[in-house]
Asks: 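Structure in structure tokens, see below.
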Amino acid sequence: MIIKNNEAKQKQRIELDSATILRYLIGNDEEIDTLIMCKGSEVELVTNDFNVYEALASIKQYDEFKLNKLAKFFEAVEIKSYKELKGEK
């Protein structure tokens, strides 16, 4: 198999903040749902562990939280360490 480097396409990188993650987990935002649930190979979704923690900690008992959406989130989104991003160890 021959791979030509000049034909490689640049992926679109989208960084998700805690508010966006929370809207995905408990909201009905079709744009965010589609972005995560139907993520294509041309898109790279990234966030950090601190943003995930903030979103999860913001979920209230009365919110319509679905665990299967969280599982799909972990499949589709690359989660980086907040400490490593800030240069702490």
Asks: If I take atom CZ from residue Phe73 and atom OG1 from residue Thr47, how far apart are they, to the nearest 0.5 angstrom?
Replies: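 Atom-to-atom, Phe73:CZ and Thr47:OG1 are 5.5 Å apart.
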Asks: Considering residues, nucleotides and ligands other than Tyr53, do more than 12 of their heavy atoms fall under 6.0 Å from its OH?
Replies: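 Atom OH in Tyr53 is not packed in, count stays at 12 or less.
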Asks: Only counting residues at least two apart or in another chain, list the ones meeting side chain to side chain contact (heavy atoms under 4.5 Å, CB included) with Glu30.
Replies: none
Asks: How far does CD1 of Ile32 sit from CD1 of Ile14, to the nearest 0.5 angstrom?
Replies: 10.5 Å
Asks: Which residues pass the salt bridge (charged side-chain N to carboxylate O under 4.0 Å, His left out) test with Lys72, sequence neighbours left out?
Replies: Glu75
Asks: Taking side chain to side chain contact (heavy atoms under 4.5 Å, CB included) as the criterion, tell me which of Val52, Asp63, Leu70 meets it with Leu25.
Replies: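 The passing option is Leu70.
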Asks: How far apart are the closest heavy atoms of Ala55 and Ser18, and which atoms are they?
Replies: CB-O, 3.6 Å
Asks: Check side chain to side chain donor-acceptor pair (under 3.5 Å) between Glu15 and all other residues, then give those that pass, not counting sequence neighbours.
Replies: none
Asks: For a side-chain contact (heavy atoms from CB on, under 4.5 Å) check, start with the C-alpha distance between Thr20 and Asn51, then their side-chain angles and the critical distance, and finish with the verdict.
Replies: CA-CA 9 Å; Thr20 303; Asn51 285 337; over 6 Å; no
Asks: Let me check something: do Met37 and Val46 share a hydrophobic cluster, defined by ILVMFWY side-chain heavy atoms less than 4.5 Å apart, either directly or through other members?
Replies: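 Different clusters: Met37 never reaches Val46 through Ile, Leu, Val, Met, Phe, Trp or Tyr contacts under 4.5 Å.
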Asks: Whether the side chain of Lys69 engages the backbone of Tyr24 through a donor-acceptor N/O pair (distance < 3.5 Å, no angle test) should be reported.
Replies: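 Indeed, once roles are kept as given, a pair shorter than 3.5 Å links the two residues.
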Asks: Suppose the criterion is salt bridge (Lys or Arg N to Asp or Glu O under 4.0 Å): which pairs have a residue in residues 37-55, not counting sequence neighbours?
Replies: Arg13-Glu44
Asks: How would you list, by chain and number, every residue that makes a side chain to side chain donor-acceptor pair (under 3.5 Å) with Asn48, sequence neighbours excluded?
Replies: none
Asks: If Ile, Leu, Val, Met, Phe, Trp and Tyr residues are connected whenever their side-chain heavy atoms lie under 4.5 Å apart, and connections chain through other members, are Leu67 and Leu56 in the same group?
Replies: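 Yes.
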Asks: I'd like to know whether CG of Asn28 has more than 12 heavy-atom contacts from other residues, nucleotides or ligands below 6.0 angstrom.
Replies: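 No, CG of Asn28 has 12 or fewer neighbouring heavy atoms, counting only those of other groups under 6.0 Å.
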Asks: In terms of hydrophobic clusters joined by side-chain contacts under 4.5 Å, are Leu22 and Phe74 together?
Replies: yes
Asks: Under the ring pair (Phe, Tyr, Trp, His ring centres under 6.0 Å) rule, collect the residues that match up with Phe50, sequence neighbours excluded.
Replies: Tyr82
